[in-house]
Protein chains: 2
Amino acid sequence: MQNLLFNFISKYITIAEEEKNVLVSLNLFHSVKKGTVLLKEGQHSKESYFVLNGCIRTYYILDGEEKTTAFYTEMDALTPPCVINQTPSECYISCVEDSIILVSNEDMSEEVNSKFPKFDIMCRKFSEELLAKQQINFDEFKTSSPEQRYLNLLKNRPDLIQRVPQHQLASFLGIKPQSLSRLRARMLKKES
Amino acid sequence: MQNLLFNFISKYITIAEEEKNVLVSLNLFHSVKKGTVLLKEGQHSKESYFVLNGCIRTYYILDGEEKTTAFYTEMDALTPPCVINQTPSECYISCVEDSIILVSNEDMSEEVNSKFPKFDIMCRKFSEELLAKQQINFDEFKTSSPEQRYLNLLKNRPDLIQRVPQHQLASFLGIKPQSLSRLRARMLKKES
DNA sequence: TTTATTTCTTCACTTAAGTGAACGAGTTAA
DNA sequence: TTAACTCGTTCACTTAAGTGAAGAAATAAA
């Protein structure tokens, strides 16, 4: 499991054995059960997450309704807005599946950065990459209809459609579960 | 005009006179006319923009139709995805109004970073902030209807509604110009 | 196993966005 | 000044998403 992390890091920087040991000594790995809520609205948090295995999701509760905004799966990283802004959280984070995640908090990352300066460089590269990815995602979402979004998802993250409950998927696509059902029925008809 | 930039930078780091001079010597300021296209689909670019005054927008052309995804106004910064990914651009950038913008390219920023190391720190802080802002924006967009998005815009960026053509605004809100007209008519009725 | 509960689908109906066309107001060009 | 164009609005019509209810299927709990 740790090798997954080191492979990931190697994409950005070269990492020595002793540096690996620094990371291991921090005890970052956590195993969390499906349904566990990692962050609730109103909470203060300094934690960032990195998914090694499984799936977590972010959502809001607006007018008593869950609005899912993102799914994070293998090798996805997530720093909730409330951590960066140092404000109480407006969103929830929970586990869609039993997952193995890496949890780091800001105080810790300062410690890592001092023992392991290259880590800082990696973080910057990584966050630049994230920013671009997010921008593209946003643009794609804005410029397409629910149906196109569903087709995009089928193409880019087909696994999600299998592993995530439909009503969460629907909300992720910006529609109600009933509309997603209809949309799928419509598409099947067209095919035949 | 340069003071606008220095004030902005001061929010992130303290900046000395000599450092200001390094920046000024780079000749970053450009004055661009309304309608000027700064970036076209297919182009390669290493340029980032910072708006001191005026308004620029990013858009895509899909099926011959313009899809506006963002407006950047005073003190907004923009690094197009193609610059980060080093791929040909998929989007266009053009000036909505006569504007004064700061144009920097990647080679230059390396030079700045070496002469002026604190700049790097600023960039990281700034890009973290951007990432969080973008995330919140995205979440807000996803969790609301066109009407709510319009109300949000009225609250958060009322100036945009005045300074930007309706059909660009509509596409920014994810709808057609006709629908925006209708939506506004509907809201006026409700008020009375 | 049986009972709840959650999840997904379907239906009828309402509401809002998409489409194509037409019109007037304002701007630009000839 | 006239003609061409762009822009915003309105209209009638189509299409798709929202809503509330109901039922089937799968999952979890007793």
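With C/dT9, C/dA17, D/dA17 as the choices, the nucleotide that has an atom nearest any side-chain atom of A/R184 turns out to be C/dT9. In the set D/dT10, D/dG8, D/dA17, the nucleotide with an atom closest to the side chain of B/A185 is D/dT10.
Rounded to an integer number of Å, the gap from B/E147 CD to D/dG18 P is 14 Å. For the pair B/L183 CG and D/dG8 P, the computed distance is 15 Å after rounding to whole Å. Here C/dA17 presents its P atom at 10 Å from CG of B/L180, a figure rounded to the nearest Å. The nearest whole Å value for the distance from the CD atom in B/Q162 to the C1' atom in D/dG8 is 14 Å. Rounded to an integer number of Å, the gap from CE of A/M187 to P of D/dA17 is 12 Å. Atom CD1 of B/I175 is separated from atom C1' of D/dG8 by 13 Å (rounded to the nearest Å). Across the protein-nucleic acid pair, A/Q166 atom CD and C/dT10 atom C1' stand 15 Å apart, rounded to whole Å. Between the P atom of D/dG18 and the CG atom of A/L173 lies a distance of 11 Å, rounded to the nearest Å.
Between C/dA17 and B/R186, a contact under 4.0 Å exists linking OP1 or OP2 to a side-chain N or O. Proximity of A/H167 to the phosphate of C/dC8: a side-chain N or O atom is located under 4.0 Å from OP1 or OP2.
By the neighbour-count criterion of 12 heavy atoms within 6.0 Å, atom CD of A/Q43 is densely surrounded, having more than that number from other residues, nucleotides or ligands. No more than 12 heavy atoms of other residues, nucleotides or ligands lie within 6.0 Å of NZ in B/K46, so this atom counts as exposed by the packing criterion.
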Run B/F8 and B/F126 through ring pair (Phe, Tyr, Trp, His ring centres under 6.0 Å) and show every step you take.
CA-CA 11 Å; B/F8 178 81; B/F126 186 53; 5.3 Å; yes
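Aromatic ring centroids of B/Y60 and B/Y92 lie 6.0 Å or more apart. Checked against the 6.0 Å centroid threshold, B/Y49 and B/Y72 do not count as a close aromatic pair.
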How does protein reach along nucleotides 19-26 of chain C, written 5' to 3' as B (base within reach of a heavy atom under 4.0 Å), S (only sugar-phosphate), or - (no contact)?
BB------
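Atom OG of B/S45 is separated from atom CG of B/L39 by 5.5 Å, given to the nearest 0.5 angstrom.
Between B/K133 and B/E129 a salt bridge is recorded (basic side-chain N to carboxylate O distance below 4.0 Å).
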